Amino acid sequence: MSTAILDQLPDGVASYEAVRHNGFITDFKLVYANALFQELMPADCQLAANEQMLTGDADKTARWQPIADHCKEVVETGQTVNYSLSDSLFPSTNLRISPITDGVLITIRDTPQPAPDGQLQWITNVLNASLGNIFVYEAIRDENGVIQDFYIRFANEKAVQDVKTYMGKEAIGNTLLDIYPQSREMGQFNHCVRVIETGEPFRLEIYYPKPQVWYDTSITKLNDGCIVTGMEITARKRSELRLKEQNELQHRMVFELRQSNENLRQFAQVASHDLQEPLRKIQTFGDILQNQFEDNLADGERDMIRRIQRSAKRMQMLIKDLLAYSQLASQRDPFEPVALNDVIRDVLSDLEIAVSEKNATVQVSHLPTILGSPSRLRQLFQNLIANSLKFKKANQSPVIQFAARLAAANELPATLHNQTTSSFWLISVTDNGLGFEEKYKDRIFHPFQRLHDTSAFSGTGIGLAICQRVAESHGGAIDVSSQPNVGSTFKVFLPVYQDKA
């Protein structure tokens with residue numbers, strides 16, 4: 001290849017041949033170097049053709065030694081080497097050594113390093129672009145070497161602006177205690193001292209009460225000082241505080257609910273004992289008056305006694321139903337697989353007389369087995385059947401039909417819409433009774449709410465509330481559809497029991 005062509009290359013190029021002794025490489029001699037290579041070489045280190053790297057004075061040999069070592073490595077491994085030789089033979093160039101025959105080809109390119117001022121400006125621009133605050137503190141020590149304060153040697157633009165906005169002072173040229181005297185009691189000062197003394201970085205959250213801002217702060221040792229970086233996290237901390245307040249409110253509400261349930265349990269105990277005792281005395285004395293003194297009483301007096309007895313009986317029913325309703329919240333039986341057909345059979349056995357008196361027909365299809373409390377489920381379906389028997393048409397025998405199928409997603413009540421992981425049975429209880437306007441359907445599941453005349457229909461108005469509470473305690477719900485003088489269909493939604501046996 002013509003040397004004129006090599007002289008036109010944008011890189012300095014030189015070829016060296018290995019010098020061997022007893023087969024071992026001991027040096028390299030210059031075979032050819034183009035003009036740019038010679039130009040980039042320091043004058044006191046240039047080699048003439050066939051001159052070896054490691055000959056000449058000791059200083060020159062020492063400067064060439066690293067190059068010779070790398071050349072030997074390239075010849076022996078056949079692998080090209082790329083590296084920068086700063087503060088060496090080529091102080092401002094990148095060097096590439098490639099294997100050729102029994103020697104190497106060295107290519108160098110002039111890559112001037114940025115001037116120190118330019119490099120500092122580049123670093124400053126990077127720091128100023130940061131979204132966080134960056135400070136460089138230098139320790140101020142007394143004659144005993146104890147750190148008394150920190151001189152602020154550097155602060156990026158964000159830090160300068162925040163100090164000016166929140167503290168009303170200039171950062172550069174001041175000390176930490178000048179800007180924020182409370183930093184000792186806030187802990188930042190002591191943490192900076194500890195980092196300088198131990199060399200271990202530290203991270204903490206600092207709250208500044210006056211501007212009401214939080215910073216996620218990191219402290220790292222730098223010479224006899226430290227670098228302090230802070231990222232404002234005020235929005236995040238306020239969200240965390242709001243969440244904490246909500247959790248505390250929720251815990252307080254749960255506590256109050258538990259307290260309310262405990263009060264209800266205690267009331268149930270009073271209702272089952274203390275209230276019933278005077279009620280039994282009223283009933284007893286009423287019976288004595290009616291049985292032993294009836295002949296001596298006027299018609300109006302007999303009527304008053306009958307009214308007393310009816311009121312006492314109604315009060316007894318209210319206490320009994322209220323006790324049953326409260327126990328649903330305060331007592332929980334362990335769940336077990338329950339065959340609903342068996343539950344309905346037991347309920348019909350208990351209601352046998354009432355069913356017979358009403359000349360009612362109860363049709364029960366195949367019902368599923370669910371996971372639940374047998375006694376609670378018996379309460380639910382007994383109340384539904386009793387409700388259908390009670391609100392029958394005067395001239396028509398009651399017909400009550402039970403059916404079950406899997407519920408479609410669009411059939412589920414609103415309270416179950418978020419139960420995407422569960423499937424539900426829809427157990428329907430349909431009657432041909434009086435029915436009611438559906439606009440009142442939410443009322444009938446509240447305690448003591450009744451749609452029909454209390455003088456015409458006995459009861460306390462708690463039965464359907466018990467049904468709702470039982471369904472909900474089993475992870476389900478209850479709904480109803482109805483038409484006046486046509487009948488009602490109560491729809492009980494209960495989770496599908498997955499038998500893992």
Side-chain angles (χ1 to χ4, degrees), residues 1-127 129 136 154 199-201 220-225 227:
M1 180 181 294
S2 171
T3 58
I5 296 177
L6 295 177
D7 287 339
Q8 298 303 314
L9 292 176
D11 300 322
V13 178
S15 62
Y16 294 82
E17 181 179 315
V19 177
R20 296 179 180 271
H21 182 72
N22 294 328
F24 296 98
I25 297 176
T26 59
D27 205 342
F28 288 86
K29 66 179 181 180
L30 177 64
V31 177
Y32 166 79
N34 70 357
L36 182 57
F37 189 94
Q38 296 290 9
E39 181 182 330
L40 295 174
M41 286 285 292
D44 59 343
C45 293
Q46 292 182 357
L47 300 179
N50 296 317
E51 187 177 359
Q52 297 181 20
M53 292 181 178
L54 304 180
T55 59
D57 61 2
D59 182 64
K60 184 176 180 180
T61 299
R63 297 187 67 184
W64 273 102
Q65 186 64 58
I67 308 300
D69 291 340
H70 285 294
C71 291
K72 181 180 179 182
E73 176 188 350
V74 169
V75 173
E76 291 176 345
T77 64
Q79 300 294 321
T80 298
V81 172
N82 293 278
Y83 61 98
S84 175
L85 287 176
S86 59
D87 299 323
S88 184
L89 183 61
F90 308 109
S92 61
T93 55
N94 290 325
L95 185 148
R96 178 185 179 90
I97 304 176
S98 305
I100 56 167
T101 318
D102 192 31
V104 295
L105 181 69
I106 299 179
T107 305
I108 59 175
R109 173 169 292 178
D110 189 18
T111 55
Q113 299 297 315
D117 290 344
Q119 193 173 39
L120 179 59
Q121 184 60 49
W122 181 82
I123 294 173
T124 302
N125 291 340
V126 171
L127 296 178
V136 177
F154 173 83
E200 295 293 328
T220 307
K221 179 178 171 62
L222 177 66
N223 301 325
D224 192 33
I227 300 174

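This structure is a prediction, so every number in the text was calculated from the model and none was measured.
- Among residues at least two apart or in separate chains, there is no salt bridge (Lys or Arg N to Asp or Glu O under 4.0 Å) pair with a member in residues 21-34.
- The side chain to side chain contact (heavy atoms under 4.5 Å, CB included) test applied to Thr26 returns Val19, His21, not counting sequence neighbours.
- Residues Val104 and Ser98 are not in side-chain contact: their nearest non-hydrogen atoms beyond the backbone lie 4.5 Å or more apart.
- Shortest non-hydrogen contact noted between Gly12 and Asn34 is CA-OD1, 3.6 Å.
- Contact detail for Leu105 and Val13: the closest heavy-atom pair is CD1-CG1, 3.4 Å.
- Lys60 meets the salt bridge (Lys or Arg N to Asp or Glu O under 4.0 Å) test with Glu51; sequence neighbours excluded.
- Note: Ile67 CD1 to Tyr16 OH = 8.5 Å, rounded to the nearest 0.5 Å.
- Side-chain contact check for Ile25 versus Cys71: every heavy-atom pair is 4.5 Å or farther apart.
- With sequence neighbours left out, the side-chain hydrogen bond (donor to acceptor under 3.5 Å, both in side chains) criterion links Glu73 to no other residue.
- Considering every non-hydrogen atom in both Ile100 and Ser15, the closest pair reads CD1-CB, 4.0 Å.
- Taking the side-chain hydrogen bond (donor to acceptor under 3.5 Å, both in side chains) definition, one finds that Asn22 meets it with nothing, sequence neighbours left out.
- Atom CD1 of Ile97 sits about 14.0 Å away from atom NZ of Lys72, to the nearest 0.5 Å.
- Residues Ala68 and Phe28 approach most closely at O-CE1, 3.7 Å, considering heavy atoms.
- The environment of NZ in Lys221 is crowded: more than 12 heavy-atom neighbours from other residues, nucleotides or ligands sit within 6.0 Å.
- Counting only heavy atoms from C-beta outward, the side chains of Leu36 and Glu39 approach each other to under 4.5 Å.
- In this structure Gln38 satisfies the side chain to side chain contact (heavy atoms under 4.5 Å, CB included) test together with Leu30, Ala33, Gln46, sequence neighbours excluded.
- No side-chain heavy atom of Thr80 sits less than 4.5 Å from a side-chain heavy atom of Val74.
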